2 protein chains.
Amino acid sequence: MDGLTIQQAAQTTGWSPRMLRYVEDAGLIEPLRSAAGYRLYGPAELQRLRTLRALLAEFDIGLTDVGFAQRLRRDPALRTAVDHWFAAAPRRPENVPAADWLRWEQDKHQRLLNANAHLAPLDAHSTKPIKETA
Amino acid sequence: MDGLTIQQAAQTTGWSPRMLRYVEDAGLIEPLRSAAGYRLYGPAELQRLRTLRALLAEFDIGLTDVGFAQRLRRDPALRTAVDHWFAAAPRRPENVPAADWLRWEQDKHQRLLNANAHLAPLDAHSTKPIKETA
DNA sequence: AAAACCTTAGCACGAGCGTGTCAAGGTTGA
DNA sequence: TCAACCTTGACACGCTCGTGCTAAGGTTTT
């Protein structure tokens with residue numbers, strides 16, 4: 001067998017064997033298997049396990065968060081959908097592409113009339129409110 | 001007052017007033033407030049609330065996931081840390097830009113040192129561990 | 001001033017996360 | 001062969017997420 005067994009890997013990385021399996025279930029770090037099905041952790045996996053630990057600790061995030069980040073970069077549809085949602089964000093136009101910014105400016109008047117001045121660039125059609133409390 | 005109150009906004013967007021407050025707590029969509037502190041939802045917010053609903057439903061993700069995505073794009077340190085982690089992914093170098101892969105190999109040693117520095121007190125060079133089950 | 005809103009703060013509760021531990025059974029190596 | 005490891009599966013438990021509901025108290029509108 002070539003590589004560390006789960007218990008050995010646990011010792012060098014600081015994770016528990018249980019968590020190593022959990023991390024694998026989460027889709028992050030999946031070690032190779034021996035013929036008999038034993039998990040075999042190589043240097044690369046060990047390294048990744050350590051940095052993963054550091055990542056979680058340093059930013060106080062969860063495995064599921066990293067899992068989501070992974071999904072974000074594996075699923076283009078999700079990625080673009082999320083990007084799109086944030087693109088319409090009500091934040092300062094600093095990081096908004098020129099084209100969007102232009103549209104934002106164009107719609108400004110409309111938005112001001114409706115209400116929220118400095119908030120959000122998004123085609124606000126289909127916005128026929130119930131009874132604008134005016 | 002200019003804008004929809006929380007209940008009106010709830011009706012047009014399909015969220016409950018409770019959830020609208022929750023979404024606000026999550027840091028996504030924060031409506032303006034009236035002088036008395038009433039939440040005022042404008043067209044932009046309403047639109048964003050609707051698309052958010054669609055986003056969650058379509059990809060079966062949670063508010064916290066979107067919250068994390070937001071954190072990812074607001075916190076550059078987190079962003080690069082996560083990027084870095086995935087960049088070192090044990091995937092076939094197929095989908096890794098040649099340049100990055102090369103640099104990764106070059107930095108390997110340095111990364112190992114760094115990681116070991118602020119991590120598990122256990123010793124570490126992965127290539128000469130406890131007892132390679134060979 | 002009373003009805004109908006709004007605010008924050010809290011309890012409750014099922015579902016999922018992060019983790020340990022135990023059980024039943026296969027693998028490895030001395 | 002036998003101890004020591006591995007595998008999957010499951011129960012358990014505390015914590016957070018998503019959600020509703022109630023309470024105590026301001027605001028708006030009629």
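On a predicted model such as this, the values are computed, not experimentally measured, just so you know.
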*Under 3.5 Å, is there a donor-acceptor pair between the side chain of Trp85(A) and the main chain of Leu55(B)?*
no

*Does any N or O in the side chain of Arg50(B) come within less than 3.5 Å of the main-chain N or O of Gly14(B), such that one atom is a donor and the other an acceptor?*
no

*Interatomic distance, Ile61(A) CD1 vs dT16(D) C1' [rounded to whole Å]*: 16 Å

_N/O (side chain, Ser16(B)) to phosphate O (OP1/OP2, dT19(D)) under 4.0 Å_ = no

*For Asp65(B) and dG16(C), give me the distance from atom CG to atom P, rounded to whole Å.*
13 Å

*Taking the side chain of Thr64(A) as heavy atoms from C-beta outward, which of dC17(C), dC6(D), dT7(C) is closest to it?*
dC17(C)

_Quick test of your reading of the model: are Arg73(B) and Asp83(A) salt-bridged, counting only N-O distances below 4.0 Å?_
yes

*Does Tyr38(A) get its side chain close enough to the base of dG26(C), under 3.5 Å, for a donor-acceptor pair?*
yes

*Spacing of Asp25(B) atom CG relative to dT8(C) atom P, expressed in whole Å*: 9 Å

*Tell me whether the OP1 or OP2 atom of dC6(D) has a side-chain N or O from Ser34(A) closer than 4.0 Å.*
no

*asked:* What is the separation between atom CD on Gln7(B) and atom C1' on dA3(C), rounded to the nearest whole Å?
replied: 13 Å

*Roughly how many Å is it from CZ in Arg18(B) to P in dT7(C), rounded to a whole number?*
13 Å

*In whole Å, what is the span from the CD1 atom of Ile6(A) to the C1' atom of dT8(D)?*
11 Å

*Any donor-acceptor pair under 3.5 Å from Gln47(B) side chain to Ala44(B) backbone*: no

*Whole angstrom value for the distance that separates P of dT7(C) from CG of Leu40(B)*: 9 Å

*What is the distance from OH of Tyr41(B) to C1' of dC6(C), rounded to the nearest Å?*
12 Å

*asked:* Between Arg33(B) and dT8(C), is there a contact of a side-chain N or O with OP1 or OP2 at under 4.0 Å?
replied: yes

*Are any of Arg39(A)'s side-chain N or O atoms less than 4.0 Å away from OP1 or OP2 of dC6(D)?*
no

_Gap separating the CD1 atom of Ile61(B) from the CG atom of Leu72(A), nearest 0.5 angstrom_ = 7.5 Å

*Residue whose nearest DNA chain D nucleotide is more 5′ - Tyr22(B) or Ala35(B)*: Tyr22(B)

_First of Met19(A) and Arg21(B) reached from the 5' end of DNA chain C, by closest nucleotide_ = Arg21(B)

